[in-house]
Colleague: 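Mind having a look at this structure? Questions to follow.
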There are 2 protein chains.
Amino acid sequence: MGLCSVTLEREGGCIYLSVTGYKPGKMNINDIAGLAGVSKATVSRVLAGNPKVKETTREQIQKIINESGYQPNYLARSLSSRKTFAVGVIVEEMTNPFFSKILSMIENILNDKNYTMSISSSNWVREKELAALKNMMRNSVDGLIVSPIAMESDTIDILRKSSIPVILLNSYTDNERFSCVSSDNFQGGRLAAEHICTVPPAESVQVIAVTGYKHQTLNERMDGFYAYMDQDGSKRRRIEVYEEINTYEDGLNLVPTLLTRNRIDTVKTCLFVTNDNVAMGVQEGLLRHDIAIPGDVRLIGYDNIEFSGRCRVPLTTIEQSSGEMGRIAAMEILDMIENHNMNVRKFRLPTRLILRDSSP
Amino acid sequence: MGLCSVTLEREGGCIYLSVTGYKPGKMNINDIAGLAGVSKATVSRVLAGNPKVKETTREQIQKIINESGYQPNYLARSLSSRKTFAVGVIVEEMTNPFFSKILSMIENILNDKNYTMSISSSNWVREKELAALKNMMRNSVDGLIVSPIAMESDTIDILRKSSIPVILLNSYTDNERFSCVSSDNFQGGRLAAEHICTVPPAESVQVIAVTGYKHQTLNERMDGFYAYMDQDGSKRRRIEVYEEINTYEDGLNLVPTLLTRNRIDTVKTCLFVTNDNVAMGVQEGLLRHDIAIPGDVRLIGYDNIEFSGRCRVPLTTIEQSSGEMGRIAAMEILDMIENHNMNVRKFRLPTRLILRDSSP
DNA sequence: TCTGGAATTGTAACCGGTTACATTATTCCC
DNA sequence: GGGAATAATGTAACCGGTTACAATTCCAGA
């Protein structure tokens, strides 16, 4: 063990012992300044890459920083600079592959730019959504990406009044306060209807739509769906709607009801389910009742999650570019944060019909 | 509109104008103190629920806090109190349902306790893992839950030296520094081997194992697998291993190789794939080549993700209780944080064979 | 009315950075 | 060598809270 070199230094009238050998625990900027024999302002400048530090000084301080393993405290930095390099993301559920793909994309882009992502999920409960939002705002995130449960809510009211950049994900509003990134659900619904109306058998007599939580995206899908059906009046079918069918299990359990109420085993039927996860449940239920897909019933889903091509009968579905939604949301929030750019932009990503076995 | 009441106050020799009518923008604790005519220490005590504040004072301050919509700045609070109510989570990938289920469980539990969760994914790249870790430590998280890529790494070295609570997820080490939550992969591998050896056809002549990135969990699974196979010497099969098969596409693309190298269309074969996602790819590849499952080839996966029961031929697989892993990791980190409990505990969750059509 | 201790509140230091402004050092030119 | 301009660094206030300790207020009991 070599001896440590000890020096005497004055600071604010006190005499300090400074030892070249580093503290084992947390060092702060004062320790570095002490070791380097400069003021903490200079160290701070080096840390910030401020060009008005003499090159030799910079090198010396940098050396000490590297050797000591000093890591600046970001809380202090954030408090003082009013910038946290943190973005908060709130979604309804994070296990749904639709969302987890978006989240993953956002995370990758943010991390590349050295931003931090905190995630909360509302699980479709408004109080949780609101609590998550408040928590993030108190934590002074630089920006928020929120997939709101509803457009009329305390959450939206608070967001509207807030001064930080906000992106609404998977939602659309005319309100000038919010940038929005969503897919064109109206078009998606149309695509589904168009497919149903143009594909044989032309004589199919009933169309059953299955949707979930009352949510803007689902309303839009159904609007687009009806719009096409109305326009296509000549072939107008009997349309029946089941709502609040939210999970795989819900879909599975819906089937007996369908069978008794709609006698879909005896007539040609098209099922449009506005969520692939639920569609898989419905499919499973139908197969268990020996209903042939697409022989007896055509089945059309929505989302094109990774697994919809791999299920028992691969799903014909409407694709949303979830990865792209995540990418745009992340790029957009970064742009707003870094360039203090308050321009509101609305993104509507096109959807696409993916033909698979369940309704070829 | 009523008039605002204006009062004169002295503070530090200066005369302040205090108006009862709240600032539109951000208020801080001093503003509240000014409005209430007390010092900020008292406001801080009210905020902290400190009992030694006179009841009438508390009510009055609380009223002002409520009316003004004041939200304390958590950065400042954290800096001063050295507690952030934030937990960092690092996993390899967040789109894999195995991980997203864990993440979701952790998030729910943390949020219930008003903790914040920040997520980073390493995407199997060590440098990204390390960067994410450093970032989180600089952000002074109260605890870390990490699913490490490898046990010998800078990441682990830094974690070992760190003083905050750490949970290793999906990994195991004897090291006394770390609490671990993982499933019993050795047992899982055994279960798979046992299933293969006990199920007809007893005469099957080859076993093909397909694994991914070199990762402790996979090594353990294969160890358990071999352990059973060795012990079960009488029925010993020819075992072949393919490594570094990581994704659905990798699995799909592996099939032509399997077919030419192993002639699995002419002999009885068991395929053990240590990841359900990959197993689905392999399955798809086999089906495209008209190999019957389980007729020609038995297929056994690993993880029991939500979708493994829903694919073309539902997968026989080894279940890991991912939700439980998340739950335990979250509860454990909270316990360590809140009770300053540095007791290291190792959790090994049992696995379970799930029989489905791919190898009944 | 006085006194001591409990209850309440205020004061000021501190957490660890950033930065406007002041101060000192250096360089350049006549 | 002197003085101005410029470069480098230091000083101190500030970000918005928490908290140890000091000061004040209150009230019962003597």
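Keep in mind that the numbers below use all heavy atoms, side chains included, and drop hydrogens, waters and symmetry copies. Order of the sequence lines sets the chain letters (A, B, ...), proteins ahead of strands, with each chain counted from 1.
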Colleague: Applying a 4.0 Å non-hydrogen cut-off, can you work out what A:S44 is touching in the nucleic acid: base, sugar-phosphate, or nothing?
Modeller: base
Colleague: Might you work through the side-chain contact (heavy atoms from CB on, under 4.5 Å) test for B:I158 and B:L133, ending with a clear yes or no?
Modeller: CA-CA 9 Å; B:I158 290 180; B:L133 174 66; 3.8 Å; yes
Colleague: Scan residues 124-149 of chain B for pairs that pass ring-ring contact (aromatic ring centres under 6.0 Å, His included), counting only residues two or more places apart or in two chains.
Modeller: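 For residues 124-149 of chain B, and leaving out neighbouring residues, the ring-ring contact (aromatic ring centres under 6.0 Å, His included) pairs sorted by first residue read B:W124-B:Y213, B:W124-B:H215.
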Colleague: Specify the residues of residues 50-60 of chain B, ordered by number, for which at least one heavy atom lies under 4.0 angstrom from an atom of DNA chain C.
Modeller: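 Only B:K52, B:V53, B:K54, B:T57 qualify.
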Colleague: Checking B:I119 against B:F99 for the side-chain contact (heavy atoms from CB on, under 4.5 Å) test, could you report, in this order, the C-alpha distance in whole Å, the side-chain angles of both residues, the deciding distance, and whether it holds?
Modeller: CA-CA 12 Å; B:I119 296 186; B:F99 283 117; over 6 Å; no
Colleague: Within this structure, what is the CG-to-C1' distance between B:D31 and D:dG16, rounded to whole angstrom?
Modeller: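 Taking atom C1' of D:dG16 as the reference, CG of B:D31 is at 10 Å.
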Colleague: Any salt bridge (Lys or Arg N to Asp or Glu O under 4.0 Å) involving residues 32-55 of chain B? Give me the pairs, sequence neighbours left out, ordered by first then second residue.
Modeller: B:E55-B:R58
Colleague: Could one point to a donor on the side chain of B:K40 or the base of D:dG17 with an acceptor on the other under 3.5 Å away?
Modeller: yes
Colleague: Which residues within residues 71-82 of chain B lie with some heavy atom under 4.0 Å of an atom in DNA chain C?
Modeller: B:L79, B:S80, B:R82
Colleague: Rounding to a whole Å, what distance do you find between B:I65:CD1 and D:dG17:C1'?
Modeller: 13 Å
Colleague: In whole Å, I'd like the distance from the NZ atom of A:K26 to the C1' atom of C:dG17.
Modeller: 16 Å
Colleague: Check side-chain contact (heavy atoms from CB on, under 4.5 Å) between A:M151 and all other residues, then give those that pass, not counting sequence neighbours.
Modeller: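 A:P148, A:I156, A:L168, A:S171, A:T173, A:Q216.
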Colleague: Starting from P on D:dG16, measure out to CZ on A:R138 and report it in whole angstrom.
Modeller: 16 Å
Colleague: Is it the case that B:T116 and A:N135 place a side-chain donor and acceptor less than 3.5 Å from each other?
Modeller: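 A:N135 and B:T116 do have a side-chain donor-acceptor pair below 3.5 Å.
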Colleague: Which value, rounded to the nearest 0.5 Å, describes the distance between B:S179 atom OG and B:M342 atom CE?
Modeller: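 It is 9.0 Å, given to the nearest 0.5 Å.
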Colleague: Among all residues two or more places apart in sequence or in another chain, which pass the side-chain contact (heavy atoms from CB on, under 4.5 Å) test with A:K113?
Modeller: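 Once residues adjacent in sequence are excluded, the partners of A:K113 under the side-chain contact (heavy atoms from CB on, under 4.5 Å) criterion are A:Y115, A:L334.
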